[in-house]
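These notes are about the structure you will find just below.
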Protein chains: 2
Amino acid sequence: MDDRERIVAGLVQELRRGTLILCVLRQLGDNRYGYSLVQSLEEAGIPIDPGTLYPLLRRLEKQGLLESRWELEEARPRRYYGLSETGAWVLDRLTAEWQAMVRTIRALVDAEPDTQPKKEE
Amino acid sequence: MDDRERIVAGLVQELRRGTLILCVLRQLGDNRYGYSLVQSLEEAGIPIDPGTLYPLLRRLEKQGLLESRWELEEARPRRYYGLSETGAWVLDRLTAEWQAMVRTIRALVDAEPDTQPKKEE
DNA sequence: CACTATAATGTGTGATACACACTAATGTCA
DNA sequence: TGACATTAGTGTGTATCACACATTATAGTG
């Protein structure tokens with residue numbers, strides 16, 4: 001309800017942006033179908049709307065990072081996704097970049113902000 | 001030149017999204033003008049295009065996180081920005097959310113992906 | 001058998017924000 | 001004087017995410 005809370009919520013959403021792909025790629029180490037990803041990410045503390053995930057999966061497949069196939073034998077038809085070779089390579093690179101970014105930002109955030117406490121007002 | 005490199009570059013850019021605001025807010029602990037932010041962030045390993053930063057600053061000011069004033073006494077007129085009270089509050093919250101997010105993702109990324117090495121094919 | 005919940009996959013739209021290219025002015029130094 | 005750095009800004013295109021909505025199929029309940 002607070003204005004400031006709303007601003008923070010927006011910024012947090014902006015922060016999550018992009019990390020979703022990292023998380024999804026990571027979870028696709030073994031084959032999964034969309035709905036199971038929604039659930040396992042939810043459990044991991046990363047809620048994702050199905051309306052966000054499914055287009056994401058299609059996008060990643062079009063880029064060649066994922067491969068999918070319909071599995072019709074089971075109780076319900078499900079579309080299983082798995083990392084392609086390219087996808088695995090990209091995941092490695094992306095993970096490294098993510099960790100570098102975290103270190104960079106930690107350096108900024110941990111830095112004393114008050115080394116020059118004041119200037120003239 | 002590689003296709004895969006281009007994909008990674010795009011995803012990294014997506015990762016950076018949102019973190020820019022965190023970094024900028026953090027650097028505004030003491031008053032700064034736009035161009036100096038471009039330079040200090042560059043040194044810190046976070047290059048930012050002036051065409052990205054200036055609209056960002058105006059946006060943050062419109063949201064009430066920043067306050068600015070023209071400084072005409074110096075060699076060149078510069079617009080100095082500083083955190084407002086709200087801005088400082090938001091920065092605290094955002095920093096906490098960021099760190100929580102980093103922990104959550106680390107838990108995902110550090111998890112062994114090969115606990116169930118194979119399924120039936 | 002109708003009705004509903006839930007599993008499972010998708011589509012369409014709108015808000016937002018970032019990158020990039022561009023403009024424009026002033027100071028500095030060779 | 002001319003080139004370059006400094007400093008601030010605008011405008012446009014594109015991509016992503018959230019949200020609401022749609023669709024099919026199965027299982028369960030009265």
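In what follows, chains carry the letters A, B, and so on, assigned in the order in which the sequence lines appear, proteins first and then strands, with residues in each chain numbered from 1.
- If you check every strand for non-hydrogen atoms under 4.0 Å, Gly18(A) touches sugar and phosphate atoms only.
- Atom pair Leu57(A):CG and dG10(C):P shows a separation of 8 Å (rounding to whole Å applied).
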Distances for protein N/O vs nucleotides 27-30 of chain C N/O pairs under 3.5 angstrom?
{"residue": "dG27(C)", "atom": "O4'", "partner": "Arg76(B)", "partner atom": "NH2", "Å": "3.1"}

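- Gly34(A) comes within 4.0 angstrom of sugar-phosphate atoms only, judged by non-hydrogen atoms across all strands, and of no base.
- Atom CD1 in Ile48(B) sits roughly 12 Å away from atom C1' in dA17(C) (whole-Å rounding).
- Distance Gln13(A) CD to dT16(C) C1': 9 Å, rounded to the nearest Å.
- Applying the side chain to side chain contact (heavy atoms under 4.5 Å, CB included) rule to Pro55(A) yields no partners; only residues at least two apart in sequence or on another chain are considered.
- For the atom pair Arg16(A) CZ and Thr104(B) OG1, the distance stands at 9.5 Å (nearest 0.5 Å).
- Of the candidates dG10(C), dA8(D), dT6(D), the closest approach to any side-chain atom of Arg79(B) belongs to dA8(D).
- Rounded to a whole Å, the CG atom of Leu56(B) is 19 Å from the P atom of dT7(D).
- Remark: side-chain polar atoms of Ser68(B) are not paired, donor with acceptor, to backbone N or O of Tyr80(B) under 3.5 angstrom.
- Considering every non-hydrogen atom in both Leu108(B) and Arg26(A), the closest pair reads O-NE, 3.7 Å.
- Applying the 6.0 Å contact sphere to CD of Gln39(A) captures more than 12 heavy atoms from other residues, nucleotides or ligands.
- Ranking dC18(C), dT16(D), dT7(D) by closeness to the Arg59(A) side chain, first place goes to dT16(D).
- Summarising the geometry, the separation between OH on Tyr35(B) and C1' on dA25(C) is reported as 14 Å, rounded to the nearest angstrom.
- Rounded to an integer number of Å, the gap from CG of Leu72(B) to C1' of dT7(D) is 13 Å.
- The backbone N or O of Leu37(A) sits nowhere less than 3.5 Å from a side-chain atom of Arg32(A) that would complete a donor-acceptor pair.
- Map Leu11(A) and Tyr54(A) each onto its nearest nucleotide of DNA chain C; the residue landing nearer the 5' end is Tyr54(A).
- The CZ atom of Arg16(B) sits 18 Å away from the P atom of dA15(D) (whole-angstrom rounding).
- Contacts of Arg78(B) with the nucleic acid, taken as non-hydrogen atoms under 4.0 Å apart, involve only primed sugar atoms and P, OP1 or OP2.
- Nucleic acid contact for Pro55(B): base, since at least one base atom lies under 4.0 Å from a heavy atom of the residue.
- Classification of Glu71(A) and Arg69(A) as a salt-bridged pair holds, one side-chain N sitting under 4.0 Å from a carboxylate O.
- Within the nucleic acid shown, Arg17(B) comes within 4.0 Å of at least one base atom, counting heavy atoms only.
- One finds a side-chain N or O of Thr52(A) lying less than 4.0 angstrom from the OP1 or OP2 phosphate oxygen of dA18(D).
- Using a 4.0 Å cut-off between charged side-chain N and carboxylate O, Glu14(A) and Arg17(A) make a salt bridge.
- Taking only side-chain atoms of Asp49(A), from C-beta outward, the nucleotide of dC19(D), dG10(C), dA19(C) with the closest atom is dC19(D).
- Rounded to a whole Å, the CG atom of Leu41(B) is 13 Å from the P atom of dC18(C).
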